[in-house]
Asks: 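Quick one: this structure, given as C-alpha cells, is what I'll be asking you about.
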Amino acid sequence: MTTHQNLGKLVLQGIPAAPGITHGPAFVFLQKELEIPLYEVGKHQISSEIKRFEEAIIATKKQIINLRKTVEKTFGEQEAQIFDSHLFILQDKALIEETKKEQERSSYNIDYCFHTIAKRHIQDFSNINDKYIRERLADIYDVAKRVLANLLGHKEQGVLAFTEQKIIVADDLSPSDVAEIRGESVLAVITNSGSRTSHSVIMARSLQVPSVVGLHNATAQITNNDYLIIDGYEGTVIVNPSPEVLAKYERIKRDKLHLQEIYESISSLPSKTTDGHRVSLMVNIGNLQDIKKLHTTSSDGIGLLRTESIFLEMSKSPSEEEQFKIYQNIVQGMNPLPVTIRTLDIGEDKRLGNLLLREDENNPFMGLRAIRFSLENIELFKTQLRAILRASAFGKTLLMYPLITGVQELVQANKILEEVKKELKAHNLPFDEHIEVGIMIETPAAAEIIDLLAPHCAFFSLGTNDLIQYLLAADRNNDRIAYLYQPHHPAVLRTLKKIFTAAKEKGIKITVCGEMAADPLYIPLLLGLGADALSVTPGSIPEIKHTIRTLEFKDATNFTQAILQETNPTIIIELLRDFYFQNIGKSFTE
Ligand code: PEP
Ligand code: MG
C-alpha cells in the first residue's frame, strides 16, 4: 500500500483489473466462514451419512449447472466456462473417496470429514509454487463451501442488490459471489487479494465496472459508506477524497471518455499517416487471455506470439499436439492476417517451474535463454518447430528466433528447421514450405552484423526491451537503475539508425515489437527511421493507431533527421515531448 499525501487522507495502491473511473459509497462485503459441527456417528449411521454426502454433491452439481446457465445469459460463454472447472472439481474422485475413507477411519460426521479433506487439498495446492495453480485454489474453495453449505442445509446466498449503487470491498470474491452480484447496483469491485488472471477478476471485468485487486487489507482500512474514488486504469483507490480531488478525477474521467470516443471512431480504419504512409500495426500476444481478446482488437496481424507464455501458463512443456492445437487455433482465427510465432524465449529470467532442472545462473539475462536454450534442448525445439510448421498449413504463419547473437546460431536453427520439414514431408503432414523465417534483433551483436545475418532470414523484428538493456548494461527489471534504462539515449538512437540503414540496404523489412513501439512519444522517430510495422499489446493498439493517423510522415522523417544529430539525452527527450505535443497532443483538444 502506498499513501499519496497530495490526493487524500488515505490512498491505496493495488493492481488495475478492469478499466474505468468511478466514485461512490463503500459496501464492505465480509464473507462469513461456515461453522462446521463435530460429533461422532455410530457404525450403523455410516451409510446414511454417505447418502447425505452424495445428495449434497448432487445438489451442488445442480446449483452449479443453474449458475452456469445464469452466468452464460448475463455474462457470456467465456465466463460461464469458469463453472465447468467447478463441475470438474466435483468430479474429483480423490476428494470424494478420501472423505469416505476419513469417515471410516475417524467415525466423525461427514461434514467434518469433508471439511478436513478439502482443507488438506487446499493446503497441498497452496504449497505449489505456481501462479496458475494457486489461482485455481479459489475455485476449489468456492466448490467446497457450496458442498458444505448443502450438507449443513444452508440456503443459497441471496443476490447482492442495494437500493443505492455501491462499491464492493471484499477480501476476495469467488466466481459464485460475482455471479450473485446484480450488475446495476454495483459501481466497482475492489479486493484485498487476487491477480489480473483470477477467475473472480475475469468475471468482475465482465460486469463492466472498474476493478482494483491486490489491495492487501482494504477491508480493514475501509468501512461501510466511506466515500471512494476507484481508478481502474491505475489501480488506485482514494478513501474519502477532498472535493478538489473528486473534481480532478471527474476531469480525468471525462478526458478518458473523450479519448475512447476518438479511438472508437478510428478502430476500423487503416494505420496510415495523414500523407498516406502505411505502417502495419500488429499485436504482441503475451498470455492466453490476450488470445481470447483478439477478436475485439482490430489489427494487421500478430507481430509477436510469445510462446513461452503458453509453456509458463501450462507449467510444463506442452506436447506437439497441444502446441499444434493452440497455434492452429490462432493462425486459423487470424486468417488471412499473418501470425508471427516466436520460438521459446525461456531461461533463468522466465523460469519454467522445475522443468528446467539446472543450476542457478549468476547472470540469467546473459545465460542459457531463448535460442541458446532451444539449441541445447534439440528435441524440445524440434517439437515446437513441428507444431508451428503444422499450424502454418492453416494460414499465413511466420517463424521467428529470439536472442540471436551470431550467424552460426541462425544457421544451426535453420538446419534443424530443414530436418523437421523433411520429417513432416516423410509423414505427409502439410505445412507452408515457404514459411518466412525471421529473427529478433535484440542484442548489440546482432545490430552490428545485420549484413551478415540478412542472407539467412526474411525479416527482422526489433526487440527494443532487450536491445536497450544490453546496450546500456541496465537490467530492464531493476527499479534501482531504471533511470539508466533510456530509450532516448544517443547510443540507442545511433544503434537503431545503424540497424535500419543496414536492413534497408539488404532490402529486409523491420517490425518493432519492443515496448518502445507502444510509447506514442517514440512513434515519430520509429516511423522516421523507416519501421515497416509496429507490434504492441492489444490495449495499446487504439492509442498507437491514433498517433500514426495524426502524424505527417514527412514531418516525422525531418524530425528524425534532426533528433539523430542531438547528443544530450535530456535534450533528446525534451524534443521528443515537444514534437509529440505539437503534432499529436493537440489532436485531443480539437
Ligand atoms: C524485446 O526484447 O523487446 C522483446 C519484444 O522480447 P521480450 O520482451 O519477450 O524479451
Ligand atoms: Mg526480448
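Whatever order the structure lists them in is the order used to number ligands and atoms, beginning at 1. Values below: every heavy atom of this structure, side chains too, minus hydrogens, waters and symmetry copies.
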Asks: I need the single residue from K509, R278, K504 that forms a salt bridge (charged side-chain N to carboxylate O under 4.0 Å, His left out) with D532. Which is it?
Replies: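 For D532, the salt bridge (charged side-chain N to carboxylate O under 4.0 Å, His left out) check succeeds only for K504.
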Asks: My understanding is that we take every heavy atom of each candidate and find the minimum distance to atom 10 (O) of ligand 1. Doing that for M516, Q469, M440, R476, which one comes out nearest?
Replies: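 When every heavy atom of M516, Q469, M440, R476 is considered, R476 comes closest to atom 10 (O) of ligand 1.
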Asks: Output all residues satisfying side chain to side chain contact (heavy atoms under 4.5 Å, CB included) with A413, sequence neighbours left out; order by chain, then residue number.
Replies: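 With neighbours one apart ignored, the set is I371, L375, F381, Y401.
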Asks: Are N284 and T537 close enough that a side-chain donor and a side-chain acceptor fall under 3.5 Å?
Replies: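 Side chains of N284 and T537: no pair found under 3.5 Å.
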Asks: Give the atoms of ligand 1, by number and element, whose distance to some non-hydrogen atom of R306 is under 4.0 Å.
Replies: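 Within the 4.0 Å cut-off of R306, ligand 1 contributes 4 (C), 5 (C), 6 (O), 7 (P), 8 (O), 9 (O).
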Asks: Who are the side chain to side chain donor-acceptor pair (under 3.5 Å) partners of S374, not counting sequence neighbours?
Replies: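 Side chain to side chain donor-acceptor pair (under 3.5 Å) check on S374 returns nothing, list empty.
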Asks: Taking atom types as modelled, is there a side-chain donor on Y327 or Q332 under 3.5 Å from an acceptor on the other?
Replies: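 No.
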Asks: Report, in ascending order of atom number, the atoms of ligand 1 lying under 4.0 Å from any heavy atom of G463.
Replies: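 Numbered from 1, ligand 1 contributes 1 (C), 2 (O), 3 (O).
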Asks: Is E515 in polar range of ligand 1, meaning some N or O pair under 3.5 Å apart?
Replies: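 By distance alone, the answer is no.
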Asks: Could you tell me if the side chain of L398 sits less than 4.5 Å from the side chain of I341, heavy atoms only?
Replies: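 Answer no - side chains too far apart.
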Asks: When you draw lines from the Mg ion (ligand 2) to OE1 of E442 and to OD2 of D466, what angle lies between them, to the nearest 10°?
Replies: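 So the angle at the metal works out to 90°.
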Asks: For ligand 1, is any non-hydrogen atom under 4.0 Å from D345's backbone (N, CA, C, O), its side chain (CB onward), both, or neither?
Replies: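 The side chain, only.
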Asks: The Mg ion (ligand 2) and D345: any N/O/S contact shorter than 2.8 Å?
Replies: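 No N, O or S atom of D345 is closer than 2.8 Å to the Mg ion (ligand 2), so no.
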Asks: Is there a polar contact between ligand 1 and E308, counting only N or O atoms under 3.5 Å apart?
Replies: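 In this structure, E308 places no N or O atom under 3.5 Å from an N or O of ligand 1.
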